[in-house]
Amino acid sequence: MRAETSAANNSTYVLGQPVEITVSVTGASASKAFVLTAAIRDEFGAKVATLPLSILTDRGGYGGATFNAPASRLGYFEVKVAAPDGATNGRLGTRPAGVLTYAIVPDPATRVDYGEAGARFGLQGGFSAGMGAVIPLLGVRYVQAAGGGWTAFEPNNPGQFAADRAAAVAAGRQHPPKDPLVAAVTFGGSPWSTYSVFWVTIASLPSWAVDAPTKGASTSFSALSGANLANLANFASALASAVAADYPAQANHYYQITWEPQMSWGFKGASEQLVQYYSTTYAAIKAADPKAIVAGPALFVAGKSADGSVDQMSQMWAGGLANYIDAVSMHPYATPGFPPEAHGYITDIRGQISKAAAAKGAAMPFIGTEHGYDSAQYGLLQQAQANIRQTLIVLGEGFKLDFMFYVADFWDATPSDASARYGLFYNLSDAVQFGTPRVGPKPAAAAYAAMTYLLDGSTTAGAVSGLTGSQLGYKFTRGGRTILTVWDWSASTSANLTIPVGSYTKYDWMGNGVGGTSSGTVSTLLGGNPIYFVY
């Protein structure tokens, strides 16, 4: 049996668009009539519809049926089609057997482009042309620029990037080339604005620049000698000159200098040697690109070494890091993973923001450059809940923007091994590990699209007051309106929210809204899925 949606490359639709599903069978009895059952459920497993599908096979045992699936509300939907003998559709890539999924999300054509300054959401990914317009469908604006960092651009020798760029420019080519998948996005024939963030190093060094091999999970990322520090500065200057010339429309160019340089795991060296990456490159980048915003160090929220014995962030602040960055980038994963609100996660974020302000003498912008949850480890529902709540926390606590990880599942060995299921989408290819041409949505994709629709262009206004126990929430403002988002991360409870007298709209976490009138207080039930109030 095989089941396909009418949007087979991503199975993601906008509200009002019909969802057509085709089921075909082979190897059945010849010229036989039988009935398949299509059961459609939501992200909680609640039944949405059960549809009988009549099949009449031909003389070769082939038959098919097409039906319109429910499409009247935003959200995630799971379809299970079964024959009387129990046969069902097989595994496809990382999507398990017996399952077909589709999502209905807000129409990108109705989204407001809040511009570079107002955009709040970024996404890492192996994007491909085949998977279609997932960037607009998810409401993403910030992307990682294509090409990579120092290791990718100078694999053979110092100065290679500048020489390669000069040769390319002389030949009328751009170097590094822009990836149209993230730099020339369209939806419905209209441009979709995106803004690039640029890497200087990405958790590795060119082999010729490595003084000693790195121990741990990351490759070849270590302290640099004096000569190679100069080579890094020269590369950073050349890269910044290229970015300044090639991205003139962007008001700011974010440069990410290091990536997860956690001592004893991702970086071999001391905190002061890590600061040298910044003291060496900062002036070079700023001189080459007046629009540069230098960001780092992309450590985790606790800011400590892998074994927890060294407070790297505190040591780097003491070593003068504040003199050499304009923004703090972090990878706001929570450890342990679920629920993200536990184990001092918010306290750690607030501590890092406070330490940065003390070191700089003024508040510093924060950006989240990678976080996400693995659905193989936590399940589809908890992956979606954790992804959304963690993003709401970092934005609510004051981060300017946040990058989700990752667009689609990848794997370590084969697509059937249950590893690295970080995608908002299933990877529906058995052959392509990254950059799959076909994807299928998980609940996280639909919930993410709703969140970006409701909160892009907003300004953080702090935590919601009056909540108790494990209830949590944040307030945002946009265009003269207020958006509250609230949830309870450990129980199902009720809360009384202070909402001014008048009308409001309450949205579920998939973006479906219902109007109401407030008398000054609104009572609502809270659970693991954030809900939104707009007034």
Side-chain angles (χ1 to χ4, degrees), residues 42-45 75-76 78 94 101 103 105 120-125 138-140 260 300-302 330-350 367-397 399 401-410 418-426 441-452 454-455 463-464 467 469-474 485-493 507-511 526-532:
D42 65 15
E43 69 273 21
F44 305 110
Y76 162 87
E78 184 176 281
T94 64
T101 69
V105 302
R120 312 227 42 192
F121 300 99
L123 179 64
Q124 287 193 44
L138 293 173
V140 170
E260 295 184 355
F300 301 104
V301 167
M330 304 204 83
H331 286 185
Y333 289 95
T335 306
F338 191 90
E341 298 86 353
H343 309 290
Y345 181 69
I346 295 174
T347 299
D348 284 342
I349 289 175
R350 292 174 179 174
I367 58 175
T369 43
E370 179 183 313
H371 71 88
Y373 280 78
D374 182 346
S375 63
Q377 182 176 0
Y378 296 104
L380 293 174
L381 182 60
Q382 287 192 345
Q383 179 202 30
Q385 291 173 330
N387 278 0
I388 300 308
R389 283 164 24 198
Q390 198 161 42
T391 301
L392 293 173
I393 289 169
V394 297
L395 294 181
E397 291 294 333
F399 280 44
L401 63 100
D402 179 70
F403 274 83
M404 181 63 68
F405 182 89
Y406 197 68
V407 63
D409 290 343
F410 51 95
S419 62
R421 298 292 191 260
Y422 287 93
L424 301 180
F425 292 85
Y426 290 113
K442 301 179 187 178
Y448 188 83
M451 174 182 63
T452 64
L454 292 168
L455 290 181
V464 175
L467 300 178
S470 52
Q471 296 173 348
L472 188 61
Y474 292 93
T485 178
V486 287
W487 64 94
D488 191 313
W489 54 267
S490 74
S492 177
T493 57
Y507 294 89
D508 66 17
W509 74 321
M510 295 294 171
L526 301 182
N529 317 306
I531 56 176
Y532 307 83

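Side-chain atoms are counted along with the backbone in the values below, which use heavy atoms only and exclude waters and symmetry mates.
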Mind checking side chain to side chain contact (heavy atoms under 4.5 Å, CB included) for S490 and listing every partner two or more places apart, or none if nothing turns up?
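By the side chain to side chain contact (heavy atoms under 4.5 Å, CB included) rule, S490 matches S470, D488.
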
Close side-chain approach of [X] and [Y], heavy atoms under 4.5 Å:
X    : Y    : value
T101 : Y76  : yes
I367 : D402 : no
V140 : F403 : no
L392 : P530 : yes
L455 : T391 : no
V464 : T485 : no
E43  : E78  : no
L395 : F121 : yes

Does [Y] offer a backbone N or O that forms a donor-acceptor pair with the side chain of [X] under 3.5 Å?
X    : Y    : answer
K442 : G423 : yes
D374 : R421 : yes
Q471 : V486 : no
Q124 : T369 : yes

Mind checking the [atom1]-[atom2] spacing from [X] to [Y]? Nearest 0.5 Å is all I need.
X    : Y    : atom1 : atom2 : value
W487 : L467 : CH2   : CG    : 9.5 Å
L123 : Y448 : CG    : OH    : 5.5 Å
M451 : W509 : CE    : CH2   : 11.0 Å
Q390 : H371 : CD    : NE2   : 5.0 Å
N387 : Q382 : CG    : CD    : 11.5 Å
W489 : L472 : CH2   : CG    : 9.0 Å

Minimum heavy-atom separation for [X] and [Y], please, with both atom names.
X    : Y    : answer
E397 : I349 : CB-CG2, 3.8 Å
V394 : P332 : CG1-CB, 3.7 Å
S375 : L380 : CB-CD2, 3.9 Å
Y345 : Y333 : CE1-O, 3.5 Å
M510 : P443 : CE-O, 3.8 Å
G368 : F399 : N-CD2, 3.3 Å

Intermediate values then yes/no, side chain to side chain contact (heavy atoms under 4.5 Å, CB included), M330 and E370:
CA-CA 7 Å; M330 304 204 83; E370 179 183 313; over 6 Å; no

Where at least one partner belongs to residues 339-349, residue pairs that pass salt bridge (Lys or Arg N to Asp or Glu O under 4.0 Å), sequence neighbours excluded:
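Counting only pairs at least two positions apart or across chains, the salt bridge (Lys or Arg N to Asp or Glu O under 4.0 Å) contacts touching residues 339-349 are E341-R389.
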
Report yes or no: do N529 and Q385 form a side-chain donor-acceptor pair below 3.5 Å?
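Yes, a side-chain donor-acceptor pair sits under 3.5 Å.
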
Between T335 and H343, is any side-chain donor less than 3.5 angstrom from a side-chain acceptor?
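No.
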
Suppose we screen for ring pair (Phe, Tyr, Trp, His ring centres under 6.0 Å). Which residues come up paired with [X], at least two apart in sequence or across chains?
X    : value
Y422 : F405
Y378 : Y373
Y426 : none
Y406 : F410

Verdict with supporting geometry, I346 and I393, side chain to side chain contact (heavy atoms under 4.5 Å, CB included)
CA-CA 8 Å; I346 295 174; I393 289 169; 3.9 Å; yes

